[in-house]
Amino acid sequence: MANMSQPVQRTALLASAVALLALVSACGSESSTSSAPQPTEAPRTTGPDTGASTTPAVTTAPSDTAGSASASARTDGRCHTSELRAAVGRVDPGAGQRNFPIVLTNTSDRTCALYGYPGAAFVDASGKQLGPDPERAPSSPRTVTLTAGKSAWAGLSFSSPQISGARTATPAALLVTPPDERDPIKVEWKAGEVPVGGDESSVSVTALEPGAGP
């Protein structure tokens, strides 16, 4: 047994070499498998299914339907006393009546509107009212839009005292109150006597219309 035959010795060496090669291959395969990154699935966030689309709603800003209109054609609200000037026009006599236009003019730099009847009251020099408030003549009020400098008017009418025989007084002023306002505008009265009592003494006023008189 001291000396192994040459064929047996070669066979043993070959077997050892094969075993060693198999061992090296196995180690390399294990190392490659363990070092290769494994694909991972991205985390998913789940929530209740509302059935609604998650696409954000698209909103549009409201369009100006009057975009082509000029600023002078727009109304920014009613006209206030502080924005108006009042005047009494020339008498327009007819059929025993005395008719006067009460004119309200927009003195502001904005567009405003008037609607309805103005208030009117004759007063003496001390500010005391003379006679009852004028009656409202039947008419169909409409909105009157006033750009800067434009006017609206209402008719103030009463029977001529010389014909009606009503009790009269001579006012110092006419107080004109724009519709929906509390503060009047004082206008000097220069047209003489007005009826303040007795038969046929009523005074009437019409609704406002565009312009400065009939």
Side-chain angles (χ1 to χ4, degrees), residues 72-108 110-124 127-214:
S72 63
R74 305 185 183 207
T75 300
D76 302 317
R78 78 169 189 266
C79 300
H80 300 291
T81 300
S82 60
E83 300 174 309
L84 298 169
R85 178 180 67 247
V88 177
R90 296 178 60 179
V91 62
D92 179 23
Q97 291 286 112
R98 305 192 72 192
N99 308 299
F100 300 86
I102 299 174
V103 183
L104 293 173
T105 302
N106 181 9
T107 59
S108 73
R110 74 180 186 101
T111 297
C112 60
L114 294 171
Y115 177 85
Y117 297 80
F122 293 112
V123 295
D124 61 18
K128 180 182 178 181
Q129 183 169 336
L130 302 173
D133 292 336
E135 300 175 353
R136 292 183 174 184
S139 59
S140 298
R142 56 173 168 160
T143 299
V144 181
T145 301
L146 299 181
T147 55
K150 295 301 182 179
S151 302
W153 72 282
L156 180 74
S157 301
F158 53 84
S159 296
S160 175
Q162 289 77 13
I163 297 176
S164 67
R167 183 165 54 86
T168 64
T170 301
L174 177 68
L175 300 183
V176 180
T177 306
D180 301 315
E181 292 290 299
R182 293 182 178 275
D183 297 326
I185 305 171
K186 187 176 182 179
V187 182
E188 184 179 3
W189 182 258
K190 300 178 180 180
E193 295 180 328
V194 299
V196 295
D199 296 337
E200 303 297 330
S201 62
S202 64
V203 179
S204 65
V205 63
T206 64
L208 287 160
E209 301 179 44

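Only heavy atoms go into these numbers, but all of them, side chains included; no hydrogens, no water, no symmetry mates.
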| said: Between S204 and S157, is there a side-chain heavy-atom distance shorter than 4.5 Å? | reply: yes
| Under a 4.5 Å cut-off applied to non-hydrogen side-chain atoms, are L174 and V88 in contact? | yes
| note | All heavy atoms of V176 vs all of L104, minimum pair found to be CG1-CD2, 4.0 Å
| said: How long is the straight-line distance from OG of S151 back to CG of L84, given to the nearest 0.5 Å? | reply: 9.5 Å
| note | What one should report as the nearest heavy-atom pair of S139 and A207 is OG-CB, 3.4 Å
| said: Please give me the minimum heavy-atom distance between P118 and T206, naming the atom from each residue. | reply: CD-O, 3.7 Å
| field | Exercise: identify the closest heavy-atom pair between A120 and I102 | value | CB-CD1, 4.3 Å
| message | Set out, in order, the CA-CA distance, both residues' side-chain angles and the distance that settles side-chain hydrogen bond (donor to acceptor under 3.5 Å, both in side chains) for S159 and Q97, then state yes or no. | response | CA-CA 4 Å; S159 296; Q97 291 286 112; 2.9 Å; yes
| Are any of the side-chain heavy atoms of R98 and P93 separated by less than 4.5 Å? | no
| note | Rounded to the nearest 0.5 angstrom, the CG-CG distance for D183 and L175 is 11.0 Å
| said: Could you measure the distance from the CZ atom of R182 to the NE2 atom of H80? Nearest 0.5 Å is fine. | reply: 13.5 Å
| task | Report yes or no: does E181 contribute a side-chain atom to a donor-acceptor pair with the main-chain N or O of T81 at less than 3.5 Å? | result | yes
| OH on Y117 to CG on D180, rounded to 0.5 Å | 13.5 Å
| message | For E193 versus T170, what's the shortest heavy-atom pair and its separation? | response | CG-OG1, 3.5 Å
| message | Between W189 and F100 (judged by ring centroids, cut-off 6.0 Å), do the two rings come close enough to count as a pair? | response | yes
| Student check: side-chain heavy atoms of L156 and F122 closer than 4.5 Å | yes
| said: With a 4.5 Å cut-off on side-chain heavy atoms, are L114 and T143 touching? | reply: no
| request: For A212 and V103, work out which heavy atoms get closest and say how close. | output: O-CG2, 3.4 Å
| request: Nearest 0.5 Å please: distance from the OG1 atom of T111 over to the CG atom of L146. | output: 8.5 Å
| said: Is any side-chain heavy atom of V194 closer than 4.5 Å to one of P161? | reply: no
| How many angstroms lie between CD in E209 and CH2 in W153, if you round to the nearest 0.5 Å? | 5.0 Å
